[in-house]
2 protein chains.
Amino acid sequence: MSAPPLRKRPTQDDVARAAGVSQTVVSLVLNDRAAASISPETRQRVLAAIDDLQYVPDGAARGLRTRKTLIVASLIPDITNPFYPAFERGIQDVADGRGYDLIAYNTDGQREKELRCLRSLQRTRVDGVIATPFQLTADDFAPLIGGGVPVVVFGELVTAGPGSPFDSVFLDDAAAAAELVGYLIDRDYLPLAMIAASAEHLRREGRATAYQRVLAERVPTQAPLLARGDDPTEAGGYAAMRALLAGPTRPRAVFAANDMMAMGAMVAIREAALCVPDDIAVAGFDDITVARLLNPPLTTVAQFPERLGRQAAAMLFARLDGSVTGAGQRVEMPYELMIRESA
Amino acid sequence: MSAPPLRKRPTQDDVARAAGVSQTVVSLVLNDRAAASISPETRQRVLAAIDDLQYVPDGAARGLRTRKTLIVASLIPDITNPFYPAFERGIQDVADGRGYDLIAYNTDGQREKELRCLRSLQRTRVDGVIATPFQLTADDFAPLIGGGVPVVVFGELVTAGPGSPFDSVFLDDAAAAAELVGYLIDRDYLPLAMIAASAEHLRREGRATAYQRVLAERVPTQAPLLARGDDPTEAGGYAAMRALLAGPTRPRAVFAANDMMAMGAMVAIREAALCVPDDIAVAGFDDITVARLLNPPLTTVAQFPERLGRQAAAMLFARLDGSVTGAGQRVEMPYELMIRESA
DNA sequence: CTGTTAGCGCATTCAG
DNA sequence: CTGAATGCGCTAACAG
């Protein structure tokens with residue numbers, strides 16, 4: 001094969017002609033309508049013709065008619081943060097099982113990009129959406145919801161009160177962070193610092209707030225040591241840790257808002273010829289796959305992203321097949337402290 | 001907002017009515033047809049109506065007419081291997097710039113899943129495909145190519161000879177592996193072992209072959225020490241390394257077919273109370289983001305996946321906008337040895 | 001410069 | 001049990 005023949009794709013009409021039936025019949029056997037039973041023998045003829053012509057239904061045409069595209073969309077900040085591929089994978093696996101395709105969008109947590117994705121979603125007419133919004137509010141989703149497209153949110157939508165139409169899967173970030181901070185204090189890792197991304201990522205502020213609260217409660221003598229990196233990435237963690245090391249008080253331990261930042265921090269610590277955890281202990285959040293593989297293995301909070309994705313997808317499909325209707329459901333997922341050697 | 005109003009989405013007809021023009025005019029201003037100029041004032045009226053009604057074109061309907069969906073698809077083995085998110089991100093960023101959406105498929109490198117994805121692609125009628133096939137052959141893509149859908153392959157398609165209609169971006173895996181193996185031998189890391197995934201992942205065999213060839217050439221006295229893990233994952237690397245450690249000859253260094261396997265191997269080595277690189281040196285392949293962040297930082301071969309994705313996407317869009325036609329182009333991408341501390 | 005008309009491929013009434 | 005006719009929302013001739 002080198003010069004592509006470029007023959008037009010066969011349509012139901014072609015199949016019908018080949019099978020000596022009407023196009024309607026082809027549609028009927030394709031959709032297995034129980035109402036109009038097809039004689040088993042014509043059915044076979046049609047199936048044979050389909051196979052013969054390599055007919056594949058046209059999703060666009062079908063979608064135009066049925067208002068269903070068999071596509072769902074997922075909105076995440078950045079596929080490059082290992083937490084999200086796992087999340088996506090969870091979604092994808094259940095979508096796949098339902099015969100759905102998945103369109104993935106990266107928003108980088110920027111409101112402008114998030115909005116652009118939303119617009120894209122409207123154009124492509126997806127059947128459902130799973131979103132991990134950073135800046136979006138409930139109102140931004142109104143056109144989608146108004147159009148009857150179910151939306152499952154990972155985390156909590158800032159403006160979504162009770163009776164909100166959004167399903168959500170979330171975990172108690174603040175409690176998890178508090179527990180981890182408590183553990184670090186128990187181990188006497190003081191002074192205890194925290195590194196986080198710039199505050200505009202409101203979404204993750206629960207962790208920083210928890211840090212400040214627990215610290216104030218349990219170690220009122222220590223002033224909070226909160227360093228900010230630009231992004232919730234390894235680079236952000238590295239920069240924040242450097243700032244911390246250059247500061248007046250060297251922390252005995254650092255709680256990073258996520259594992260990537262923790263990894264960046266570890267690099268900065270090593271570069272300063274210090275040792276983890278003997279000089280400075282490090283803890284993260286997420287338990288991405290590699291956390292366990294680091295040297296030393298990273299103490300962190302496991303979120304089980306793949307399971308989160310599966311749960312979100314399950315809720316979405318429950319809406320899509322009509323088995324759940326009415327007000328949005330909120331499902332809280334478990335987290336787990338993973339105590340390893342880094343702290 | 002709690003009870004969704006569920007009003008039907010506005011169509012061009014609605015917009016036309018609101019603007020007091022015909023539906024055609026709406027279509028014309030939307031598509032900026034140079035041919036039929038619209039008077040600037042009606043144009044404004046239409047735009048206002050669009051904005052007012054929050055009209056968004058229906059991709060399915062448009063696609064039915066234009067045979068363009070503004071969707072491209074990417075076929076990768078597993079988004080959970082950090083190499084691929086970066087690759088995807090590269091694709092996504094250029095697709096985004098062109099106003100295209102991206103559907104992502106995970107094939108797990110299994111032929112059956114790969115075929116299923118291909119079928120899905122036909123249904124959803126994507127405009128172009130970027131594929132990282134493991135088991136697929138050129139023939140499997142025939143329906144796509146025959147339908148005029150351009151396909152860019154990452155790597156080389158086993159059966160694609162000269163004059164093949166496939167564009168491809170690839171790098172000289174074997175040369176890169178040979179170079180790395182050569183380096184390890186130069187450093188006297190002998191005996192030198194390799195760990196790789198089971199041989200059915202033909203795609204990666206270039207690396208194992210290079211290992212065997214260079215070893216045979218330069219160290220004829222050492223028998224090849226090739227251990228197989230089931231999957232090209234951290235778990236596979238761990239298992240293979242364990243097997244190696246349980247074997248009769250303990251290697252002085254291990255070359256892993258990819259970074260995830262290398263990380264698994266490092267864990268196994270540490271568990272055996274051995275030290276990297278003093279007892280056993282470790283090298284990988286890919287240079288995923290975390291490779292540099294490991295302790296010790298991983299010596300590996302950089303593939304620059306994001307750049308690969310961008311390149312593949314660029315070639316795809318060159319086909320889509322007609323700026324490139326004819327036989328498939330093959331673009332070889334550079335790799336780079338990243339010598340760090342693990343070997 | 002703008003309106004009329006005709007399908008794209010399919011699911012779905014309604015007749016036979 | 002099967003076929004003919006209709007329209008989903010849109011673009012693209014073709015008239016006016």
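Quick note on labels: first sequence line is chain A, next is B, and so on, each numbered from 1.
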Under 3.5 Å, is there a donor-acceptor pair between the side chain of A:D140 and the main chain of A:T137?
yes
Ignoring hydrogens and angles, tell me if any N or O in the side chain of B:D321 forms a donor-acceptor pair with the backbone of B:S323 under 3.5 Å.
yes
Tell me, for nucleotides 6-11 of chain C in 5' to 3' order, what letter each nucleotide earns: B for a base near a protein heavy atom under 4.0 Å, S for only sugar-phosphate near one, - for neither?
BBBBBB
Would you say A:T42 places a side-chain N or O within less than 4.0 Å of OP1 or OP2 belonging to D:dC1?
no
Please confirm whether the backbone N or O of A:L70 pairs with a side-chain atom of A:D127, one donor and one acceptor, at under 3.5 Å?
yes
Donor-acceptor contact present, side-chain A:Q23 to main-chain A:Q12, <3.5 Å:
no
Hey, is A:D96 close enough to B:K113 for a salt bridge, meaning N to O under 4.0 Å?
no
Steps toward side-chain hydrogen bond (donor to acceptor under 3.5 Å, both in side chains) verdict (B:T24, B:S27):
CA-CA 5 Å; B:T24 306; B:S27 173; over 6 Å; no
Computed from five pairs at either end and rounded to 10 degrees, the angle between the axes of the helix from C:dC1-D:dG16 to C:dG16-D:dC1 is 40°
Between A:D58 and B:R123, does any NZ, NE, NH1 or NH2 come within less than 4.0 Å of an OD or OE carboxylate oxygen?
no
Per the ring pair (Phe, Tyr, Trp, His ring centres under 6.0 Å) rule, what does the pair list look like for residues 91-122 of chain B, sequence neighbours excluded?
B:Y100-B:F317
